[in-house]
Amino acid sequence: MKIAFVGRIIDGTGKAPFDGIILIDGEKIEKVGLAEEVTIPPKTKIVKVNSGTILPGLIDCHVHLMGERTLDFMKSAFEPLELKSVRAAMDCSKLLNAGYTSVRDVGGLGIYLKRAIEEGEIKGPRIMSAFKILSQTGGHGDIHSLPLDIAKRTGFSRLCDGADDCRKAAREQFREGADFIKICTTGGVLSERDLPTSAQFTLDEIRAIVEEAQRVGSFVAAHAEGTEGIKNAIKAGVKTIEHGDFIDDEGIDMMLKNDNILIPTFSIGERIISEGEKYKVPEWGIRKMRQLWEVQSKNFKKAKEAGVKIAAGTDFGGGPLTPLGENSQELEILVREGLTSMEAIIAATKTASEALNMKDKIGTLETGKFADLIIVDGDPLSDISILRKAENIKVVVKGGKVEKHLKSSKIAFS
């Protein structure tokens with residue numbers, strides 16, 4: 001059955017909003033245009049959006065579908081995987097309810113959740129997953145306070161050292177069903193015994209991983225906070241830089257030359273600083289986050305002004321501190337950090353689709369793409385914060401299927 005959505009449209013391309021029609025046939029968009037440009041065939045279900053705005057389905061490029069409920073990783077390490085799986089399934093439903101029709105799981109249970117969603121067992125967004133994070137021994141993905149043999153069996157990282165072992169680790173992830181590879185080329189905030197400025201993995205190790213990804217038509221995303229680790233990742237051929245706190249002018253030029261995408265993940269930093277102590281984030285993690293917050297903001301603005309591509313990602317993993325479903329907090333912060341509301345929407349739609357390697361399939365409301373769209377109550381260009389509350393997301397369509405329709409919205413399917 002065909003569906004026609006009629007109303008005010010922000011299509012995600014950067015074009016100004018327009019009053020028009022989106023005609024959907026099955027899971028794809030058949031046509032988008034002004035009312036006089038689109039003919040609605042007989043027996044088409046018509047959805048008239050008399051107030052509110054139609055947008056592409058939102059995309060978060062950096063989530064962890066781990067079923068976490070704490071950032072105390074020592075505690076989390078010993079929670080049953082079965083319990084985390086149930087939580088993660090519920091988180092998928094929350095994401096879809098909040099208007100997120102696609103996400104990139106950069107370390108977690110996404111390869112399994114994706115299958116359950118595709119089978120129709122649970123509701124959730126379209127998922128691209130890296131499965132386990134690749135980290136050097138003692139690196140950001142290691143759990144430093146645990147004995148090494150236990151750390152290797154716990155959590156969502158695969159520790160690997162040397163180019164051959166890194167190559168094997170990448171192949172293991174693809175064997176399990178990973179869509180791409182996530183690596184750590186620097187230390188981080190929530191890893192106890194390293195620093196965000198410390199470079200991790202050698203160039204040969206990173207290149208081995210990138211080569212394996214490219215062999216299967218995939219890509220690598222790099223947790224990279226320190227200057228040297230950012231540049232090593234770019235030199236080796238990674239696609240996206242996650243966080244990018246200490247990027248310098250040379251690194252910015254490298255990103256522009258290599259068409260890299262920056263995913264700053266401001267949301268988790270703001271949450272850790274404002275509420276980390278309340279939710280038992282280790283003291284050393286809060287301290288490190290505070291030390292780099294202003295540096296990240298300054299360098300992000302430089303990268304944005306230079307023209308580096310920006311995509312939205314939260315680094316949320318669930319629980320009261322980083323709740324999946326409140327992901328549009330990132331858009332509010334991006335606007336506060338200097339993006340226009342339209343640029344923030346593009347970061348969570350068009351550019352985000354590039355970060356998923358799916359720019360020809362999702363991210364904008366254009367002919368031939370998957371029919372992923374949301375209807376929001378209000379105008380996000382005037383107030384980007386309306387996207388943060390799930391109750392403002394009145395309709396969610398993923399692949400042509402209506403996944404959410406609030407009866408109280410007065411949006412009628414006729």
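Side chains included, hydrogens not; waters and symmetry mates left out as well; all remaining heavy atoms used. Sequential numbering from 1 along the given sequence is applied to the chain's residues.
With a 4.5 Å cut-off on side-chain heavy atoms, L55 and T349 do not count as touching. Contact annotation: the side chain of K394 never approaches that of V376 to less than 4.5 Å [non-hydrogen atoms, C-beta and beyond]. Within the 4.5 Å cutoff, side-chain heavy atoms of L190 are placed close to those of V281. Between C92 and L96 there is no side-chain heavy-atom pair separated by less than 4.5 Å. Residues I374 and L58 meet the side-chain proximity criterion, which asks for heavy atoms closer than 4.5 Å. Side-chain contact between S218 and I181 is absent, with no heavy atoms from C-beta onward closer than 4.5 Å. T340 has its side chain out of reach of V335: every pair of non-hydrogen atoms, C-beta onward, lies at least 4.5 Å apart. You'll find the side chain of I127 reaches within 4.5 Å of the side chain of L113, heavy atoms only.
For K404, the side chain to side chain donor-acceptor pair (under 3.5 Å) criterion is met by N97, not counting sequence neighbours.
Open room surrounds NZ on K350; 12 or fewer heavy atoms of other groups in view lie less than 6.0 Å from it. Open room surrounds NZ on K389; 12 or fewer heavy atoms of other groups in view lie less than 6.0 Å from it. Open room surrounds NZ on K298; 12 or fewer heavy atoms of other groups in view lie less than 6.0 Å from it. Around the CD atom of E277, the shell of radius 6.0 Å holds no more than 12 heavy atoms that belong to other residues, nucleotides or ligands. More than 12 heavy atoms of other residues, nucleotides or ligands sit less than 6.0 Å from atom CE of M342.
Rounded to the nearest 0.5 angstrom, T314 OG1 and R271 CZ are separated by 9.5 Å. Of the inter-residue distances, the one linking I362 atom CD1 with I29 atom CD1 reads 11.5 Å to the nearest 0.5 angstrom. Interatomic distance, CG of L203 versus CZ of R207, reported as 4.5 Å (0.5 Å rounding). Residue M254 holds its CE atom at 7.0 Å from NZ of K231, rounded to the nearest 0.5 Å. Annotation: the span from F156 atom CZ to K84 atom NZ amounts to 5.5 Å, rounded to 0.5 Å. Atom CD of residue E366 and atom OG1 of residue T13 lie 6.0 Å apart, to the nearest 0.5 angstrom.
Ion pairing between R87 and E79 holds under the 4.0 Å rule for side-chain N and carboxylate O. Salt bridge annotation for D372-R126: present, with a cationic side-chain nitrogen under 4.0 angstrom from a carboxylate oxygen. Salt bridge annotation for K401-E27: absent, with no cationic side-chain nitrogen under 4.0 angstrom from a carboxylate oxygen. Residues R287 and E283 are paired through a salt bridge, judged by an N-O separation under 4.0 Å between the basic side chain and the carboxylate. We find that E212 and R215 are joined by a salt bridge, their nearest charged nitrogen and carboxylate oxygen being less than 4.0 Å apart. D248 has no carboxylate O lying under 4.0 Å from a charged side-chain N of K302, or vice versa, which leaves the two without a salt bridge. Between R158 and D165 there is a salt bridge, with a side-chain nitrogen of the basic residue lying less than 4.0 Å from a carboxylate oxygen of the acidic one. A salt bridge links E211 to R167: one of the charged nitrogens lies within less than 4.0 Å of a carboxylate oxygen. Using a 4.0 Å cut-off between charged side-chain N and carboxylate O, E270 and R336 make a salt bridge.
In this structure, the side chain of S191 engages the main chain of G188 through a donor-acceptor pair within 3.5 Å. For the pair R104 (side chain) and C61 (backbone), a donor-acceptor distance under 3.5 Å is present. S341 contributes no side-chain N or O that, together with a main-chain N or O of I384, makes up a donor-acceptor pair within less than 3.5 Å. Using a distance-only test at 3.5 Å, with no hydrogens or angles considered, no donor-acceptor pair links the side chain of Q173 to the main chain of A170. With hydrogens and angles ignored, the 3.5 Å screen pairs a side-chain donor or acceptor of T322 with a backbone N or O of G317. K369 places a side-chain N or O within donor-acceptor distance of the main-chain N or O of K359, the cut-off being under 3.5 Å. A donor-acceptor pair under 3.5 Å links the side-chain atoms of E330 to the main chain of F266, judged by distance alone. No donor-acceptor pair under 3.5 Å is formed between the side chain of Q329 and the backbone N or O of R388. Side-chain N or O atoms of N232 include none that pairs as donor or acceptor with a backbone N or O of A199 at under 3.5 Å. Looking only at distances, a side-chain donor or acceptor of S157 sits under 3.5 Å from a matching main-chain atom of G141.
Residues E192 and S145 bring a donor and an acceptor atom of their side chains to less than 3.5 Å of each other. In this model, no donor atom of one side chain and acceptor atom of the other lie less than 3.5 Å apart for N392 and D377. In the model, T364 has no side-chain atom that pairs as donor or acceptor with a side-chain atom of D11 under 3.5 Å. T185 and Q200 share no side-chain donor-acceptor pair at under 3.5 Å. Residues K152 and T137 bring no donor and acceptor atom of their side chains to less than 3.5 Å of each other. A donor-acceptor pair shorter than 3.5 Å cannot be found between the side chains of T265 and D315. Looking at D204 and T202, their side chains never bring a donor and an acceptor atom within 3.5 Å of each other. A donor-acceptor contact closer than 3.5 angstrom links the side chains of K301 and S297. With no hydrogens or angles considered, a side-chain donor-acceptor pair links E242 and T240 at under 3.5 Å.
Annotation: cation-pi geometry not satisfied between K239 and F180 (NZ/CZ under 6.0 angstrom from ring centroid, within 45° of ring axis). For the pair R8 and F18, the cation-pi criterion (under 6.0 Å, within 45° of the ring axis) is not fulfilled.
For the pair P196 and F246, the tightest heavy-atom approach, listed with the atom from each and the gap, is CB-CE1, 4.4 Å. L146 and A77 make their closest contact through CD1-CB, 4.2 Å (heavy atoms, listed as atom of the first residue, atom of the second, distance). Nearest heavy-atom pair across F201 and C160 is CE2-O, 3.4 Å. Of all non-hydrogen atoms in A306 and I252, the two that sit nearest each other are CB-CG2, 3.5 Å. Between T70 and Y279, the shortest heavy-atom contact is OG1-O, 4.3 Å. For the pair L365 and I9, the tightest heavy-atom approach, listed with the atom from each and the gap, is CD1-CG2, 4.0 Å.
Using a 30° and 60° split on the angle between ring planes, H62 and H243 fall in the tilted class, from 30° to 60°. Aromatic ring orientation, H223 versus H140: parallel (interplanar angle below 30°, classes split at 30° and 60°).
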Audit row: S328, Y100, side chain to side chain donor-acceptor pair (under 3.5 Å) steps and yes/no: CA-CA 9 Å; S328 289; Y100 282 80; 2.9 Å; yes
Pair D179-K114, salt bridge (Lys or Arg N to Asp or Glu O under 4.0 Å): steps then yes or no: CA-CA 11 Å; D179 300 294; K114 176 171 65 174; 2.8 Å; yes
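Screening V49, I21, V38 for a side-chain contact (heavy atoms from CB on, under 4.5 Å) with V6, the sole residue that qualifies is I21. Applying side-chain contact (heavy atoms from CB on, under 4.5 Å) to K309 and the options D259, N260, L262 leaves one that passes, D259.
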